[in-house]
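Data first, discussion second: the structure below is written as structure tokens.
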Amino acid sequence: MKEVKLMKGNEAIAHAAIRCGTDGYFGYPITPQSEIMETLMAEQPWNSTGMVVLQAESEIASINMVYGGAGCGKRVMTSSSSPGVSLMQEGLTYMAGAELPCVVVNVVRGGPGLGTIQPAQSDYFQTVKGGGHGDYKLITLAPSSVQEMADFVEDAFDLAFKYRNPVMILSDGAIGQMMEKVELKPQKPRMTEEELIEKYGDWATTGKTKNRKRNIITSVELASEEMEQFNNKLQAKYKKVEENEVRYETFMCDDAEYLIVAYGSSARICQKSIQLARAKGIKVGLLRPITLFPFPSKPILELAQRVKGVLSVEMSAGQMVEDVRLAINGAVKVEHFGRLGGIIPSPGEVVTALESNFIGE
Amino acid sequence: MKEIIKEENIVYKKSVVLTDKDTHYCPGCTHGVVHRIIAELIEEMGIQETTIGIAPVGCSVFAYDYIDIDWQEAAHGRAPALATAVKRLMPEKNVFSYQGDGDLAAIGTAETIHACNRGENIVMIFINNGIYGMTGGQMAPTTLEGMKASTCPMGREANHDGHPLKITELIAQLPGTCYVTRQAAHTPAAVRKTKKAIKKAFENQMQNKGTSFVEVVSTCNSGWKMTPAKANDWMVENMFPFYPLGDMKDE
């Protein structure tokens, strides 16, 4: 039987984490995502599934706890918001370098610096372009509903282990805080130690048994030639991710003369904008990237070749628009519209931006 | 020689838990001795299959090359955070961190103090040679007043560089720790005492007693620019008065 509940996006993350068999959550409170840890602590999953939940002394410690747990082959996660995720960049580059799977939820707020606690999408660059030092990528899922907040936790773990790479769920304060109905999946058991060793025993630090060499989780390699080889291996992995894992959704694109590209909260607003625009006779459609890395470049280009203009709508000064432009490569005019610092654009503003950039010409 | 090298004449053997790889440590360095102690203990206690080590950043970054167990290599200072998660997620395993002074007492102070304060059921081994060895002999938080380092070439001056940090004394005050001790490894007797201390630390973990913390006051011949013998003498004369050996806590 379906279990449908009304809850916040942050709460949905917590419940989904327990239900998909997560082994450990290590975090540090920060608005607007503290309900994730609060919900986990209230649910006490250590009594029901054995899941470890621990409040660390900092975001730096929590991401490094995630590193330790992931190194054991465990399904471990953390969550934070923008300034906290900045502190986690060290751990993330180490995890990418050690090829460790994990899930990190970023419920983005306005910045830079301490900024505001209101929703923004201004961490796009930090998330999809690496964030920490070195050539690495985070697989990035961008939910636009409370349902997707729940669903993407398990998806993120699956991707993280499939590619042995950190996966970011890039949400924002609006989706984290808003309440919607969500259908929760039934409880899955956590992996037993035997199952874990069977699946990940070739690399995870589960204790060196007599029948194998010691497993070492590390990212240090002093010889440049070998480091280059490792980097090439990483890049080949990212290419495979780009070939296989692109996810996106389209809305009213069949007859569209204009295209909006928007993700997360912005995409929700743009659906309304499209209805408003169409009522005025402007045929516009939406492409919503669900994965931000890998970016849906090909479908965007295909649609762009059939329209007169493309508008990237994002709650930032224009970050994703760079990837949209790269995808389209000059085939058609691309413009950006966004509000900054925690302001959510109104559907009407988006229509005005569409008109002023394209229709008025 | 062949007549002498007989099984019955052998009084000491390399532990099977030590790999055959030559270490990268400088002659006279304490890391090799402490590695040997750990390997011997893992062998004697029969815990090779259940022990997971957390290696630091610094000279002993490659500790995993020498001790034949599963290892995780931590970012600078973060070993206690890794150890926390490994132990909490695999409570039946024996988990220890191995860290130097820069790692444990400078960049990782927060992780060190909070892991100890939570009473994480782990072993922390702290090699304190009062200097940054790997990066070429810069000042450490534990560098003594008046002691020269490349970033305090005239000698550490408390008014300018701050005071040397007795992190072990700080940690001993935390209720999460059950055993806090300071040892050395410059003489056979000291090596035996350090081995006993580390053994007790592992036993405490098996008894779920909380955090055991073993500091080993050490030398860095290269960083100190002394011969190994001179470095040992200098340590006895200068380090021991400020970092006195012995148990600070044993509960």
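Values below: all heavy atoms of this structure, side chains included; hydrogens, waters and symmetry mates excluded. We name chains A, B, ... by the order of the sequence lines, and we start the count at 1 in each one. The structure presented is a predicted model; accordingly, all values stated were derived computationally and were not measured.
Of the two parts of B:Leu89, the backbone and the side chain both hold a non-hydrogen atom closer than 4.5 Å to a non-hydrogen atom of chain A. For chain B, no part of A:Ala70 is nearby; none of its heavy atoms comes within less than 4.5 Å. At a 4.5 Å heavy-atom cutoff, the contact between A:Leu222 and chain B is made by side-chain atoms alone. For A:Ser62, no part sits under 4.5 Å from any heavy atom of chain B, backbone or side chain. At a 4.5 Å heavy-atom cutoff, B:Asn94 makes no contact with chain A through either its backbone or its side chain. Interface residue A:Phe26: only side-chain heavy atoms are found under 4.5 Å from chain B.
Contact detail for A:Asn64 and A:Glu90: the closest heavy-atom pair is ND2-OE1, 3.7 Å.
Looking at B:Lys209 and B:Glu251, no side-chain N of the basic residue comes within less than 4.0 Å of a carboxylate O on the acidic one, giving no salt bridge. Ion pair A:Glu154/A:Arg19 not flagged as a salt bridge, since none of the NZ, NE, NH1 or NH2 atoms sits closer than 4.0 Å to an Asp/Glu carboxylate oxygen. A salt bridge links B:Glu7 with B:Lys13: the closest approach of a Lys/Arg side-chain nitrogen to an acidic carboxylate oxygen falls below 4.0 angstrom.
The greatest number of non-hydrogen atom pairs below 4.5 Å with chain B, out of A:Thr206, A:Val220, A:Ile63, is found for A:Thr206. Here A:Thr209 is the residue among A:Val66, A:Val76, A:Thr209 with the most heavy-atom pairs under 4.5 Å with chain B. When A:Lys208, A:Arg212, A:Met65, A:Lys213 are compared by the number of non-hydrogen pairs under 4.5 Å with chain B, A:Lys208 comes out ahead. For the set B:Thr50, B:Asp68, B:Thr84, the count of heavy-atom pairs under 4.5 angstrom toward chain A peaks at B:Asp68.
The side-chain tip of A:Arg164 points at the ring of A:Trp203 from less than 6.0 angstrom away and within 45° of straight on. B:Tyr66 does not carry B:Lys21 over the face of its six-membered ring by the limits of under 6.0 Å from the centre and within 45° of the normal.
Under 3.5 Å, the side chains of B:Lys249 and B:Thr177 contain a donor-acceptor pair of N or O atoms.
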